[in-house]
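This report refers to the structure that appears directly beneath it.
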Amino acid sequence: MLNIRLFRKDEVSDLQNLNDEVFIHNAEYDKDLDLTWAKSNKGRVYFTELLDNPEALCLIVEDEGKKVGYLAASPKKIDYRKSKYFEIENMGVTPEYRWKGIGKLIMNKCFEWAKSKGFEKAFVNSYIQNVEAIEFYKNNGFKEIDVSLEKVL
């Protein structure tokens, strides 16, 4: 049976491990990605600050105690836009649990939280080549608003 709950502050290493597991395939989309980051000291600081942030949300999905997915969201200030935004900073489901509705469940919990906090719009980034992620977000009501570009020097 699935359980969605808040990550606890003492579960930083669990969050690091889960992040490492759900984003392992992102190296296919970004050759510059540091695959050691999540479990590094910088990753630990990032996740600790996320869990300590009273304005942020960090949910975990468990199946019989096994951690199978998570979502982290926090306010996003966009000065040139009128609405109150939050950003889904990280979201993922372990590969063997994908396409079973878990992402939609956790996303809906996040939207409930966001509405209760007065947020009006959600923001998320995805690698353009990650077609599955983009399809998932579109199926959950997201639409493209811009394109990020980079150039190797």
Side-chain angles (χ1 to χ4, degrees), residues 1-78 84-142 145 148 150:
M1 182 164 147
L2 292 176
N3 180 42
I4 300 175
R5 65 170 176 83
L6 292 173
F7 249 111
R8 296 187 313 265
K9 291 180 182 182
D10 65 339
E11 295 178 304
V12 172
S13 61
D14 291 336
L15 183 52
Q16 287 176 282
N17 290 333
L18 192 53
N19 178 276
D20 199 43
E21 186 176 352
V22 302
F23 290 117
I24 192 68
H25 296 294
N26 277 1
E28 297 172 22
Y29 315 119
D30 185 354
K31 301 301 179 208
D32 199 35
L33 187 63
D34 179 0
L35 292 176
T36 66
W37 177 85
K39 293 183 179 178
S40 72
N41 286 335
K42 288 179 183 179
R44 184 166 190 80
V45 168
Y46 167 79
F47 290 118
T48 299
E49 288 176 356
L50 177 69
L51 293 175
D52 283 341
N53 182 350
E55 295 183 0
L57 174 73
C58 194
L59 297 171
I60 181 168
V61 181
E62 295 173 313
D63 181 20
E64 304 292 327
K66 180 180 180 183
K67 293 167 177 57
V68 299
Y70 84 102
L71 183 148
S74 65
K76 180 167 183 71
K77 184 84 168 138
I78 305 177
K84 183 177 178 184
Y85 281 82
F86 78 94
E87 179 177 10
I88 297 172
E89 294 184 28
N90 295 293
M91 180 188 166
V93 175
T94 59
E96 67 271 19
Y97 281 83
R98 290 183 185 156
W99 303 107
K100 296 181 180 185
I102 294 171
K104 186 169 187 62
L105 285 173
I106 198 169
M107 184 74 70
N108 287 338
K109 284 276 190 193
C110 177
F111 292 156
E112 289 173 20
W113 165 82
K115 287 177 185 176
S116 77
K117 299 292 183 184
F119 291 106
E120 300 165 287
K121 292 190 178 180
F123 181 87
V124 68
N125 275 322
S126 177
Y127 288 112
I128 196 148
Q129 293 175 325
N130 191 344
V131 177
E132 287 182 354
I134 292 169
E135 178 183 340
F136 169 80
Y137 290 122
K138 285 182 175 181
N139 286 339
N140 282 278
F142 288 83
I145 60 164
S148 296
E150 76 176 15

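Given the structure is predicted, the values throughout are model-derived calculations rather than measurements. The first residue in the sequence is number 1, and the count goes up from there.
- The side chain to side chain contact (heavy atoms under 4.5 Å, CB included) check on K66 picks up V68, E96, Y97, with sequence neighbours excluded.
- F86 is listed as a side-chain neighbour of W113, based on a closest heavy-atom distance under 4.5 Å.
- In this structure, N41 places its CG atom where only 12 or fewer heavy-atom neighbours from other residues, nucleotides or ligands lie under 6.0 Å away.
- Atom OG of S40 and atom CG of D34 lie 6.5 Å apart (nearest 0.5 Å).
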May I have the step-by-step check of side chain to side chain donor-acceptor pair (under 3.5 Å) for Y46 and N90, ending in yes or no? CA-CA 12 Å; Y46 167 79; N90 295 293; 3.0 Å; yes
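- Listed by chain and number, the residues in a salt bridge (charged side-chain N to carboxylate O under 4.0 Å, His left out) with K138 are E144 (sequence neighbours excluded).
- For K84, the NZ atom is densely surrounded, since the number of other residues' heavy atoms within 6.0 Å is greater than 12.
- Nearest heavy-atom pair across A72 and L50 is CB-CD2, 3.4 Å.
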Derivation of the side-chain contact (heavy atoms from CB on, under 4.5 Å) call for V124 and E87: CA-CA 6 Å; V124 68; E87 179 177 10; 5.9 Å; no
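- In this structure, M91 and L71 approach most closely via the heavy-atom pair SD-CD1, 3.8 Å.
- Here the side chains of L15 and C58 are in contact, with some heavy-atom distance below 4.5 Å.
- Checked against salt bridge (charged side-chain N to carboxylate O under 4.0 Å, His left out), R44 has no partners two or more places apart in sequence or in another chain.
- Between F7 and Y70, the ring-plane angle classifies as perpendicular under the 30° and 60° cut-offs.
- Atom CZ of F111 sits about 13.5 Å away from atom OG of S116, to the nearest 0.5 Å.
- The distance from atom OH of Y29 to atom OH of Y127, rounded to the nearest 0.5 Å, is 10.5 Å.
- With a 6.0 Å radius and a threshold of 12 heavy atoms from other residues, nucleotides or ligands, I128 has its CD1 atom at or below the threshold.
- D14 approaches K67 most closely through the heavy-atom pair OD2-CE, 3.4 Å.
- Side-chain contact check for L2 versus E62: every heavy-atom pair is 4.5 Å or farther apart.
- Under the 4.5 Å side-chain criterion, counting only non-hydrogen atoms from C-beta, R5 is in contact with I60.
- No side-chain heavy atom of E49 sits under 4.5 Å from any side-chain heavy atom of L51.
- Heavy-atom neighbours of K42 NZ from other residues, nucleotides or ligands within 6.0 Å: at or below the threshold of 12.
- Taking 4.5 Å as the limit, some side-chain heavy atom of E89 sits within range of a side-chain heavy atom of S74.
- A 6.0 Å sphere centred on CG of N3 holds more than 12 heavy atoms belonging to other residues, nucleotides or ligands.
- Remark: side-chain polar atoms of N140 are paired, donor with acceptor, to backbone N or O of F136 under 3.5 angstrom.
- Sequence neighbours left out, not one pair with a member in residues 8-28 passes ring-ring contact (aromatic ring centres under 6.0 Å, His included).
- The stretch residues 19-30 participates, sequence neighbours left out, in these salt bridge (Lys or Arg N to Asp or Glu O under 4.0 Å) pairs: D20-K39.
- Judged by the 6.0 Å and 45° rule, K76 forms no cation-pi pair with Y85.
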Trace of the side-chain contact (heavy atoms from CB on, under 4.5 Å) decision for F47 with S13: CA-CA 9 Å; F47 290 118; S13 61; over 6 Å; no
The test is side-chain contact (heavy atoms from CB on, under 4.5 Å); show your working for V61 and V93 and say whether it passes. CA-CA 8 Å; V61 181; V93 175; over 6 Å; no
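- Under the rule for a salt bridge (charged side-chain N to carboxylate O under 4.0 Å, His left out), E132 has no partner lying at least two apart in sequence or in another chain.
- For the pair D63/M1, no side-chain contact is recorded, criterion being any heavy-atom separation below 4.5 Å from C-beta on.
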Chi angles and distances behind the side-chain contact (heavy atoms from CB on, under 4.5 Å) call for V12, D10: CA-CA 6 Å; V12 172; D10 65 339; over 6 Å; no
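- Between K109 and L59, the closest heavy-atom pair is CB-CD1, 3.8 Å.
- Here S126 contributes atom OG and I88 contributes atom CD1; the two are 11.5 Å apart, rounded to the nearest 0.5 Å.
- Of the inter-residue distances, the one linking C110 atom SG with L105 atom CG reads 13.0 Å to the nearest 0.5 angstrom.
- Q129 contributes atom CD, which lies 9.5 Å from atom CD1 of I134 (distance to the nearest 0.5 angstrom).
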